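As a basis for the values below, the full set of heavy atoms in this structure was taken, side chains included, without hydrogen atoms, waters or symmetry mates. Bear in mind the structure is a predicted one, so any value in this text is a computation, not a measurement. A, B, ... follow the sequence lines: proteins, then strands. Residue 1 opens every chain.
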There are 2 protein chains.
Amino acid sequence: MIRTISAKPNRANSGRCAACAVRSLSICGALDQSDLAEFERISRHVRLGPREGLFAAGQAASSVHNLTEGVARLYKLLPDGRRQVIGFALPGDFLGLAPSDRYSFSADAIDSVSVCRLSREAFTHFIGQRPHFLIRINEFAARELMLAQEQMLLLGRRTAEEKVAAFLVVWRERLKQIDDDRQTIALPMSRQDIADYLGLTIETVSRTLTRFEREEMLVIVAGGVRLLDPARAEAMAAA
Amino acid sequence: MIRTISAKPNRANSGRCAACAVRSLSICGALDQSDLAEFERISRHVRLGPREGLFAAGQAASSVHNLTEGVARLYKLLPDGRRQVIGFALPGDFLGLAPSDRYSFSADAIDSVSVCRLSREAFTHFIGQRPHFLIRINEFAARELMLAQEQMLLLGRRTAEEKVAAFLVVWRERLKQIDDDRQTIALPMSRQDIADYLGLTIETVSRTLTRFEREEMLVIVAGGVRLLDPARAEAMAAA
DNA sequence: GTCGCCGGTTGATCCAGATCAAGTTCGGCG
DNA sequence: CGCCGAACTTGATCTGGATCAACCGGCGAC
């Protein structure tokens with residue numbers, strides 16, 4: 001009886017992965033039909049509301065996650081409460097490259113988020129059987145690492161103005177990649193999140209955006225900004 | 001004839017990898033006897049003097065490197081010359097996780113450095129045949145990524161004092177891991193390198209170290225520092 | 001030797017961005 | 001509707017670390 005119940009969600013979700021809108025963007029892009037069926041069997045679809053946590057730093061890293069919908073913030077905290085947002089995860093992003101058995105950062109939903117959750121154990125076994133999948137994971141890791149290095153340059157050596165401009169340019173590029181190519185750049189995260197991502201205060205982010213608006217580089221709208229002068233933003237971001 | 005000449009260095013170096021002091025620390029720790037022979041065949045041993053470049057950002061990423069001796073600095077430059085050191089590579093470290101076909105950062109020798117250099121092509125082929133090796137590479141990538149995230153926290157949210165203390169503590173730990181466990185922490189890199197790593201100026205690094213010395217937390221010696229009060233340094237580094 | 005240079009230290013001053021302190025806007029809710 | 005609170009903006013002031021400017025000391029060239 002228990003076996004039947006536990007099998008049920010999988011049957012109900014049959015084809016879930018095959019129908020996944022972000023499959024080709026995600027690590028699952030490297031999986032064929034039969035791989036996909038197995039992946040679906042070992043993964044569980046989870047929905048989270050705004051502000052709900054996916055996992056927290058220090059917890060046993062029992063699961064890996066594949067984001068399919070929404071935006072998540074990834075961050076680290078110092079004992080006194082200072083926070084560094086180390087990234088924003090978008091659909092297609094994989095959260096599970098951990099070198100230890102504990103999460104080294106926390107992740108929570110910004111808006112409504114959907115993820116595929118797999119036990120780390122099952123995931124490790126799964127990848128061990130599939131070298132092409134491992135290569136894919138590797139590519140993702142290398143890309144993450146390059147982004148992290150770019151962010152170090154930003155945090156260590158750029159001015160507030162450059163930081164905000166670079167953030168907008170890179171974020172726009174990422175949204176474009178997941179096919180959200182509107183003139184308005186959606187900013188689902190709060191000013192505080194942006195500040196903690198850029199190593200600034202909320203006031204500096206706010207002032208800088210206001211100034212960009214005054215200088216007619218962009219317009220601040222509900223839930224985002226509209227870039228009027230992308231070239232200028234890109235120039236600021238570049239140096 | 002050409003074939004004989006090109007085979008010669010390999011024969012001369014036979015057993016080079018088997019005798020490698022840092023093999024167990026490096027990605028090669030995942031290789032068995034026969035893997036190792038093949039790895040040796042496709043790799044070339046290169047020595048570099050102080051300040052010599054391993055590769056530069058923007059160049060075609062034709063090689064991957066495995067550091068076996070010495071210390072290298074990895075860094076990114078902005079068009080106006082501002083520099084961010086994104087890491088220091090020690091024996092056992094692997095430089096080759098690139099998501100694109102161009103190097104995204106530059107690397108050069110700080111002191112005398114030895115590396116194993118492999119063509120990216122041969123390396124890609126090599127790992128494709130060896131899933132256990134891929135898993136090892138993955139572990140290295142995950143560790144790199146975690147270090148990068150820790151560094152983002154440092155760059156974005158820590159004070160100058162915390163940055164310098166954290167740098168010393170982490171660096172000491174790394175030296176310990178490669179069996180350089182002396183009371184004196186060797187600092188082969190310049191003050192400028194440290195400043196560019198921590199997102200500070202050379203003056204601030206110098207002043208902070210001098211103050212630590214005045215406060216009897218450490219003693220500045222030629223080529224490094226001697227930690228008198230590691231507990232205090234660790235407390236500073238923690239928060 | 002001693003000259004010059006390079007890496008490092010130290011001091012005085014400056015300023016970008018933090019901090020402190022009000023406003024303002026807006027969406028949710030009785 | 002009007003009240004509340006959260007998110008954001010704006011203004012005034014402060015300060016940690018940058019910048020500017022000597023200076024020191026060791027060492028390699030000659």
Side-chain angles (χ1 to χ4, degrees), chain A residues 49-51 71 73 78 80-85 110-112 154-168 185-215 218-226 236, chain B residues 49-51 71 73 78 80-85 110-111 154-168 185-215 218-225 236:
Chain A
R51 307 189 164 276
V71 182
R73 100 188 116 234
L78 287 171
D80 65 2
R82 280 175 288 173
R83 187 177 71 149
Q84 179 67 39
V85 169
I110 286 177
D111 48 13
S112 287
L154 179 143
L155 289 168
R157 288 296 180 226
R158 297 180 110 104
T159 64
E161 169 177 295
E162 291 166 353
K163 285 177 177 182
V164 175
F167 168 67
L168 292 175
I185 306 174
L187 296 175
M189 70 293 284
S190 70
R191 295 286 187 272
Q192 187 63 64
D193 289 335
I194 298 174
D196 286 346
Y197 182 56
L198 301 177
L200 298 172
T201 58
I202 185 173
E203 291 95 331
T204 298
V205 171
S206 182
R207 274 187 248 274
T208 305
L209 284 173
T210 310
R211 184 158 59 77
F212 284 169
E213 186 169 44
R214 206 164 44 235
E215 294 169 354
L218 51 76
V219 186
I220 300 170
V221 297
V225 299
R226 176 179 301 246
M236 273 186 188
Chain B
R51 304 187 165 277
V71 182
R73 97 187 120 234
L78 286 171
D80 65 2
R82 280 174 288 173
R83 187 178 71 150
Q84 179 66 38
V85 170
I110 286 176
D111 48 14
L154 179 143
L155 289 168
R157 289 298 182 223
R158 297 180 108 104
T159 64
E161 169 178 295
E162 289 166 354
K163 285 177 177 183
V164 175
F167 168 67
L168 293 176
I185 306 174
L187 297 175
M189 70 291 285
S190 69
R191 294 287 187 270
Q192 187 64 63
D193 289 335
I194 299 175
D196 287 345
Y197 183 57
L198 300 177
L200 297 172
T201 57
I202 185 173
E203 293 95 330
T204 299
V205 171
S206 182
R207 274 188 247 275
T208 304
L209 285 173
T210 311
R211 184 158 59 75
F212 285 169
E213 185 168 45
R214 207 164 45 235
E215 293 169 354
L218 52 74
V219 186
I220 299 170
V221 297
V225 300
M236 273 186 187

- Tell me, with the steps shown, if B:Val164 and B:Leu200 meet side-chain contact (heavy atoms from CB on, under 4.5 Å). CA-CA 9 Å; B:Val164 175; B:Leu200 297 172; 4.2 Å; yes

Please state how far atom [atom1] in [X] lies from atom [atom2] in [N], giving the value in whole angstrom units.
X	N	atom1	atom2	value
B:Asp80	D:dA18	CG	P	16 Å
A:Glu161	C:dC15	CD	C1'	16 Å
A:Asp196	D:dA7	CG	P	13 Å
B:Arg191	C:dG7	CZ	P	12 Å

Considering only heavy atoms from C-beta outward, does the side chain of [X] approach that of [Y] to under 4.5 Å?
X	Y	result
B:Leu155	B:Gln84	yes
B:Leu198	B:Leu154	yes
A:Leu218	A:Arg226	no
A:Val205	A:Leu209	yes

- Note on the structure: Here the pair of heavy atoms bringing B:Ile220 nearest to B:Arg191 is CG2-NH2, 3.8 Å

- For A:Met189 and for A:Arg157, locate the closest nucleotide of DNA chain D by heavy-atom distance; then report the residue assigned to the nucleotide nearer the 5' terminus. A:Met189

- Output all residues satisfying side chain to side chain contact (heavy atoms under 4.5 Å, CB included) with B:Arg83, sequence neighbours left out; order by chain, then residue number. B:Arg73, B:Tyr75, B:Leu77, B:Val85, B:Gln192, B:Asp193, B:Asp196

- With sequence neighbours excluded, tell me which residues meet side chain to side chain contact (heavy atoms under 4.5 Å, CB included) with B:Arg214. B:Thr210, B:Arg211

- Message: Please report the end-to-end axis angle for the helix from C:dG1-D:dC30 to C:dG30-D:dC1, five pairs per end, rounded to 10 degrees.
- Response: 30°

- Contact string for nucleotides 24-29 of chain C, one letter per nucleotide 5' to 3', B = base within protein heavy-atom range under 4.0 Å, S = sugar-phosphate only, - = neither, reads ------

- Message: Mind checking if B:Arg51 touches a base, just sugar-phosphate, or nothing, with heavy atoms under 4.0 Å?
- Response: sugar-phosphate

- Message: What contact category does B:Gly199 fall into here, base, sugar-phosphate, or nothing, at under 4.0 angstrom with non-hydrogen atoms?
- Response: sugar-phosphate

- Excluding sequence neighbours, so at least two apart, what forms ring pair (Phe, Tyr, Trp, His ring centres under 6.0 Å) with A:Phe212? none

- Message: Going by the rule side chain to side chain donor-acceptor pair (under 3.5 Å), which residues pair with B:Arg82 if we only count those two or more places apart in sequence or in a different chain?
- Response: A:Glu162, B:Asp80

- Could you pull out all residues at least two apart from B:Thr204 that satisfy side chain to side chain donor-acceptor pair (under 3.5 Å)? B:Thr201

- Query: By a strict heavy-atom criterion of less than 4.0 Å, which residues belonging to residues 200-208 of chain B are in contact with DNA chain C?
  - Reply: B:Glu203, B:Ser206, B:Arg207

